[in-house]
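Please read the structure below before turning to the comments.
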Number of protein chains: 2
Amino acid sequence: MSYCYKYPRPALTVDCVVFGFTAEEQLQVLLIQRGLPPFAGQWALPGGFVQMDETIEAAARRELVEETGVENLFLEQLYTFGAVDRDPRDRVVSVAYYALISLQSHPTQAATDASAVDWFPILAAEEDPFTQLPALAFDHREILSTALQRLQSKIRYEPVGFELLPPKFTLTQLQELYEAILGYPLDKRNFRKKLLKMDLLIALPEKQVGVPHRAPRLYRFDSARYEALTQRGFVFDL
Amino acid sequence: MSYCYKYPRPALTVDCVVFGFTAEEQLQVLLIQRGLPPFAGQWALPGGFVQMDETIEAAARRELVEETGVENLFLEQLYTFGAVDRDPRDRVVSVAYYALISLQSHPTQAATDASAVDWFPILAAEEDPFTQLPALAFDHREILSTALQRLQSKIRYEPVGFELLPPKFTLTQLQELYEAILGYPLDKRNFRKKLLKMDLLIALPEKQVGVPHRAPRLYRFDSARYEALTQRGFVFDL
DNA sequence: ACAAAAGTGTTGCGCTTACACCCATGG
DNA sequence: CCATGGGTGTAAGCGCAACACTTTTGT
């Protein structure tokens with residue numbers, strides 16, 4: 001069985017840059033080890049072909065579930081990569097997405113079928129943030145670099161950082177997240193003042209437990225309030 | 001002759017939102033009248049199929065030359081639209097670009113071959129900025145809406161506005177451009193102070209001539225200086 | 001001289017930045 | 001009682017927003 005067209009068509013794929021965060025290991029990206037050529041054995045972004053009856057975003061979500069088991073996360077289109085020779089086999093155009101996930105909430109998946117899945121650290125403060133990564137297949141390093149730049153700008157004018165934390169978090173965790181993504185330190189007092197003045201965080205009655213020192217207060221992000229403020233022209237700005 | 005593949009593939013097209021600006025007629029978008037079904041006779045964004053041996057951006061530039069005669073303009077990828085039923089004939093995924101052009105420098109093209117090409121005004125200040133446009137084919141109104149939003153945010157943190165003006169312009173023209181795109185008035189004194197302080201405009205010795213009142217000073221954008229400042233961490237911010 | 005648009009400064013206020021110490025808790 | 005991280009306030013300076021009149025030129 002084959003599908004024939006009057007004019008040639010590029011193949012269409014999606015690739016997903018999944019960012020995760022843990023307090024200890026900082027900012028991470030999810031990679032899979034390819035089982036098939038080309039680039040068999042090399043690490044790559046999760047992704048695959050877009051089916052005829054699904055939107056591109058649906059394809060991205062489907063591939064994420066199939067390849068890494070992660071579901072229901074923040075996902076946004078990043079850029080479409082269409083260099084003529086980006087795939088050695090064939091002309092392949094890829095729509096890249098980036099996703100944010102809390103590693104505390106969704107624990108790391110075990111490897112699926114034969115191929116390995118793993119998290120690798122990103123060091124935003126370094127000149128090259130990707131020295132800790134293996135070589136990547138295709139133009140995936142370029143895609144990842146674009147994704148990191150996007151995340152760095154987005155986090156400053158949209159409250160996407162909360163997607164990388166568990167629902168309840170401390171202000172120190174939030175600040176460390178911002179520092180890990182932006183790659184430079186922030187002033188503790190100023191950071192807290194600015195965020196609390198926005199009135200987007202709800203202080204929870206509970207405190208974190210099991211720490212060997214004073215227990216920090218927990219907060220959660222008030223997304224309903226954020227929606228309401230946004231309607232009235234409010235712009236999040238770190 | 002036909003091209004056959006093991007799995008079905010969506011067709012891949014580009015669509016271009018070309019914005020223009022004239023002092024009198026304000027912000028405009030370039031549309032073409034379709035000669036062929038579907039949507040024959042309706043107005044649409046210029047665009048067409050991506051060839052196998054060209055990048056997506058090259059396809060966008062080629063279609064712009066072929067359909068509207070405009071060349072060598074500022075062009076940036078906008079978003080990729082992939083709703084399953086956005087084209088009634090077939091599954092078609094379209095990579096949208098937006099372009100900026102000075103209508104003074106590149107005068108409006110006459111109609112090419114059988115199909116008409118024309119500019120239509122956009123009223124950013126209105127709740128619906130597109131009331132002056134004809135009905136658009138496919139999801140082109142959605143694409144246009146996305147493009148306007150992108151232009152509105154981009155113009156505030158990157159000096160793209162100058163692409164819509166002739167090389168020599170007055171501060172009043174620049175301010176009117178910003179007001180036309182953002183859809184609200186700006187304070188004249190503050191606007192001038194802020195821009196001149198950035199040190200990105202070169203005051204020219206000449207003044208505009210042939211006006212029935214005091215002749216305004218002409219400026220040009222110093223793009224070399226902008227590059228230099230950007231390297232040192234400068235961020236344009238209106 | 002008049003019409004039309006160009007051009008120009010000051011002030012008050014809010015926001016940002018820089019900065020260091022005490023507090024609560026668990027071991 | 002000590003180690004660890006949590007939490008807090010103030011002062012100086014800068015940038016932003018608001019605001020109205022004079023200047024130049026052509027007719």
Side-chain angles (χ1 to χ4, degrees), chain A residues 22-26 104 155-157 165-166 168-180 182 184-220 229 232-238, chain B residues 22-26 104 155-157 165-166 168-180 182-220 229 233-238:
Chain A
T22 53
E24 316 78 43
E25 310 189 64
Q26 303 288 47
Q104 262 108 315
I155 203 176
R156 291 195 350 210
Y157 61 90
L165 292 175
K168 301 174 182 183
F169 51 85
T170 69
L171 290 180
T172 300
Q173 285 176 330
L174 187 61
Q175 182 177 346
E176 284 170 350
L177 169 62
Y178 271 84
E179 290 175 337
L182 295 174
Y184 51 83
L186 300 171
D187 181 90
K188 182 160 68 159
R189 283 178 286 195
N190 294 335
F191 181 82
R192 293 161 106 92
K193 252 182 298 175
K194 200 157 172 183
L195 265 161
L196 293 174
K197 181 154 25 149
M198 286 187 197
D199 209 20
L200 288 172
L201 298 185
I202 300 176
L204 298 175
E206 331 139 53
K207 300 201 164 184
Q208 200 172 64
V209 294
V211 285
H213 54 274
R214 177 172 177 179
R217 158 148 269 142
L218 288 168
Y219 293 85
R220 68 181 177 80
L229 288 174
R232 296 178 224 154
F234 167 83
V235 185
F236 181 91
D237 186 22
L238 175 102
Chain B
T22 52
E24 316 79 41
E25 310 188 63
Q26 303 287 49
Q104 262 109 314
I155 204 176
R156 289 191 356 205
Y157 62 90
L165 291 175
K168 301 175 182 182
F169 51 86
T170 69
L171 290 180
T172 301
Q173 285 175 331
L174 187 61
Q175 183 177 346
E176 285 170 350
L177 169 62
Y178 270 84
E179 291 176 336
L182 295 174
Y184 52 81
L186 299 171
D187 181 89
K188 183 161 67 159
R189 282 177 286 192
N190 293 335
F191 182 82
R192 293 161 106 92
K193 252 180 300 176
K194 201 158 173 182
L195 264 161
L196 293 174
K197 180 155 24 147
M198 286 187 198
D199 209 19
L200 289 172
L201 298 185
I202 300 176
L204 299 174
E206 332 140 50
K207 299 202 165 184
Q208 202 171 61
V209 293
V211 286
H213 54 273
R214 178 172 177 179
R217 158 147 271 144
L218 288 168
Y219 294 84
R220 69 181 177 79
L229 288 175
F234 167 82
V235 185
F236 181 91
D237 186 21
L238 175 101

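Just so we're clear, the structure is a prediction, and the values are computed from it rather than from any experiment. Letters A, B, ... are given to chains in the order of the sequence lines, protein chains preceding strands, and every chain is numbered from 1.
- Within the 4.5 Å cutoff, side-chain heavy atoms of A:L174 are placed close to those of A:L165.
- Shown here are the ring-ring contact (aromatic ring centres under 6.0 Å, His included) partners of B:Y219, two or more places apart in sequence or in another chain: there are none.
- By the neighbour-count criterion of 12 heavy atoms within 6.0 Å, atom CZ of B:R192 is densely surrounded, having more than that number from other residues, nucleotides or ligands.
- Using a 4.5 Å heavy-atom threshold, the side chains of B:R217 and B:L204 count as separate.
- Contact annotation for A:R217: backbone-only contact, meaning every heavy-atom pair under 4.0 Å involves sugar-phosphate atoms and none involves a base.
- Note that CG of B:D237 and NZ of B:K194 are 5.5 Å apart. Values are rounded to the nearest 0.5 Å.
- Contacts of A:K188 classified as salt bridge (Lys or Arg N to Asp or Glu O under 4.0 Å), with partners at least two apart in sequence or in another chain: none.
- Evaluation of the side-chain contact (heavy atoms from CB on, under 4.5 Å) rule for B:T170 yields B:T172, B:Q173, B:Q208, B:P216, B:L218 as partners, not counting sequence neighbours.
- Applying the side-chain contact (heavy atoms from CB on, under 4.5 Å) test to B:D199 and every residue at least two apart in sequence or in another chain returns B:R225.
- Looking at residues two or more places apart in sequence or on another chain, you find a side-chain contact (heavy atoms from CB on, under 4.5 Å) between A:R189 and A:D187.
- A heavy-atom distance below 4.5 Å is not found between the side chains of A:L177 and A:F169.
- Taking every heavy atom of residues 169-179 of chain A and every atom of DNA chain D, pairs under 4.0 Å involve A:T172, by number.
- You'll find the side chain of A:L182 reaches within 4.5 Å of the side chain of A:R156, heavy atoms only.
- Secondary-structure stems of DNA chain C, taken as three or more successive Watson-Crick or G-U wobble pairs (i with j, i+1 with j-1) under a 3.5 Å distance threshold, comprise C:1-27 with D:1-27.
- Between B:N190 atom CG and B:Q175 atom CD the span is 9.5 Å, to the nearest 0.5 Å.
- Every residue two or more places apart in sequence or in another chain was checked for a ring-ring contact (aromatic ring centres under 6.0 Å, His included) with A:F236, and none qualifies.
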Under 3.5 Å between N/O atoms: give me all the protein pairs with nucleotides 24-26 of chain D, atom names plus distance.
none

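- A nucleotide of DNA chain C counts as in contact with chain B when one of its atoms lies under 4.0 Å from a heavy atom; the first and last such, 5' to 3', are C:dA4 to C:dT10.
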Under 3.5 Å, which N/O atoms of the protein pair with N/O atoms of nucleotides 15-19 of chain D?
from: D:dA18; atom 1: N7; to: B:N190; atom 2: ND2; distance (Å): 3.0
from: D:dA18; atom 1: N6; to: B:N190; atom 2: OD1; distance (Å): 3.1
from: D:dA18; atom 1: N6; to: B:K193; atom 2: NZ; distance (Å): 3.3
from: D:dC19; atom 1: N1; to: B:R189; atom 2: NH2; distance (Å): 3.4
from: D:dC19; atom 1: N3; to: B:R189; atom 2: NH2; distance (Å): 3.2
from: D:dC19; atom 1: N4; to: B:D187; atom 2: OD2; distance (Å): 3.3
from: D:dC19; atom 1: N4; to: B:R189; atom 2: NE; distance (Å): 3.4

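- Note: B:L195 CG to B:Y178 OH = 6.5 Å, rounded to the nearest 0.5 Å.
- In this structure B:P166 satisfies the side-chain contact (heavy atoms from CB on, under 4.5 Å) test together with B:S102, B:Q104, B:S105, sequence neighbours excluded.
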